[in-house]
Amino acid sequence: QVRLVESGGGLVQAGGSLRLSCAASGSFFSINAMGWYRQAPGKQRELVATITSGGSTNYADSVKGRVTISRDNAKNTVFLQMNSLKPEDTAVYYCNAAIVIDISARYLEAWGQGTLVTVSS
């Protein structure tokens with residue numbers, strides 16, 4: 001019943017910037033943590049950044065200092081601002097959310113379909 005839709009990916013030159021967005025829609029009680037993951041061709045999916053409902057953030061070492069995750073709780077949306085992009089940042093970026101499905105705090109994990117980020121050298 002929950003859908004996550006990413007947007008904002010595209011082609012950018014090394015050193016450039018992109019801002020990704022992910023909006024959640026459907027039937028649910030609330031959203032706790034949200035995050036961004038990425039998967040490059042031939043590689044496993046890896047964590048990029050997470051943010052709790054209270055705004056506490058966590059970043060992968062590979063993106064620290066270049067990436068900022070934020071959220072708008074009223075709009076059920078999470079953002080990923082990426083600066084100083086490198087060719088190794090090229091990947092499909094996926095949005096993830098821990099969905100609270102009822103007042104008893106039961107959780108479901110939701111994933112978006114992904115948005116492609118390509119960084120040229």
Side-chain angles (χ1 to χ4, degrees):
Q1 297 294 319
V2 180
R3 191 161 86 112
L4 303 179
V5 180
E6 303 98 334
S7 63
L11 175 64
V12 64
Q13 294 186 23
S17 298
L18 285 174
R19 191 181 78 147
L20 307 183
S21 300
C22 173
S25 62
S27 180
F28 53 87
F29 185 73
S30 63
I31 301 176
N32 193 11
M34 303 186 77
W36 289 94
Y37 293 71
R38 67 186 183 186
Q39 187 168 23
K43 296 184 178 180
Q44 295 185 356
R45 188 172 299 185
E46 63 179 357
L47 181 144
V48 178
T50 60
I51 184 168
T52 68
S53 60
S56 180
T57 59
N58 184 53
Y59 298 95
D61 289 340
S62 60
V63 301
K64 284 182 179 178
R66 302 187 296 118
V67 166
T68 301
I69 188 170
S70 60
R71 64 191 290 170
D72 184 337
N73 290 334
K75 296 182 178 180
N76 295 318
T77 301
V78 63
F79 306 94
L80 189 72
Q81 177 67 47
M82 301 188 293
N83 303 317
S84 301
L85 285 165
K86 305 174 181 179
E88 52 262 44
D89 294 319
T90 296
V92 177
Y93 284 71
Y94 296 92
C95 177
N96 170 261
I99 307 296
V100 182
I101 61 174
D102 59 34
I103 199 169
S104 296
R106 296 185 177 89
Y107 285 87
L108 292 175
E109 294 292 329
W111 290 90
Q113 294 298 305
T115 185
L116 177 63
V117 172
T118 302
V119 184
S120 62
S121 61

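Scope of the values below: all heavy atoms of this structure, side chains included, with no hydrogens, waters or symmetry mates. Numbering starts at 1 and runs along the sequence shown.
Using a distance-only test at 3.5 Å, with no hydrogens or angles considered, a donor-acceptor pair links the side chain of Tyr59 to the main chain of Ile69.
In terms of heavy atoms, Cys95 sits closest to Val78 at SG-CG1, 3.7 Å. Among all heavy-atom pairs drawn from Ser17 and Asn83, the shortest one is OG-OD1, 2.9 Å. Residues Ala40 and Ala91 approach most closely at N-CB, 3.8 Å, considering heavy atoms.
Separating the CG atom in Asn76 from the CD1 atom in Ile31 is a distance of 4.0 Å, to the nearest 0.5 Å. To the nearest 0.5 angstrom, Lys86 atom NZ is 14.0 Å from Ser121 atom OG. The line from CZ of Phe29 to CD1 of Ile99 is 13.0 Å long, rounded to the nearest 0.5 Å. Annotation: the span from Phe28 atom CZ to Leu108 atom CG amounts to 11.5 Å, rounded to 0.5 Å. Atoms OG1 and CG, on Thr115 and Leu18 in that order, are 8.5 Å from each other to the nearest 0.5 Å. Of the inter-residue distances, the one linking Leu116 atom CG with Thr90 atom OG1 reads 8.0 Å to the nearest 0.5 angstrom.
Counting heavy-atom neighbours within 6.0 Å of Gln113 CD, excluding the residue itself, gives a total of 12 or less.
Under the 4.5 Å side-chain heavy-atom criterion for ILVMFWY residues, a single connected hydrophobic cluster contains both Val67 and Leu85. Ile101 is connected to Val2 through a chain of hydrophobic side-chain contacts under 4.5 Å among Ile, Leu, Val, Met, Phe, Trp and Tyr, so both are in one cluster.
A salt bridge between Asp61 and Lys64 is present, with a side-chain N of the basic residue lying under 4.0 Å from a carboxylate O of the acidic one.
At a threshold of 4.5 Å between non-hydrogen side-chain atoms, the residues Leu20 and Met82 count as touching. No side-chain heavy atom of Ser25 sits less than 4.5 Å from a side-chain heavy atom of Val5. Looking at heavy atoms from C-beta onward, Trp36 lies in side-chain contact with Cys22 at the 4.5 angstrom threshold.
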Would you give me the side-chain donor-acceptor pairs under 3.5 Å for residues 46-53, sequence neighbours excluded?
unit_1, atom_1, unit_2, atom_2, d
Glu46, OE2, Arg38, NE, 2.8
Glu46, OE2, Arg38, NH2, 3.4
Thr52, OG1, Gly54, N, 3.3
Thr52, OG1, Gly55, N, 3.3
Thr52, OG1, Ser56, N, 3.1
Ser53, OG, Asn32, OD1, 3.3

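When the side chain to side chain donor-acceptor pair (under 3.5 Å) test is applied to Asn96, the partners found at least two apart in sequence or on another chain are Glu109. Residues satisfying the side chain to side chain contact (heavy atoms under 4.5 Å, CB included) test with Arg19, not counting sequence neighbours, are Ser21, Phe79, Gln81.
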Point to revise | side-chain contact (heavy atoms from CB on, under 4.5 Å) evaluation trace for Tyr94 with Gln39 | key: CA-CA 8 Å; Tyr94 296 92; Gln39 187 168 23; 4.1 Å; yes

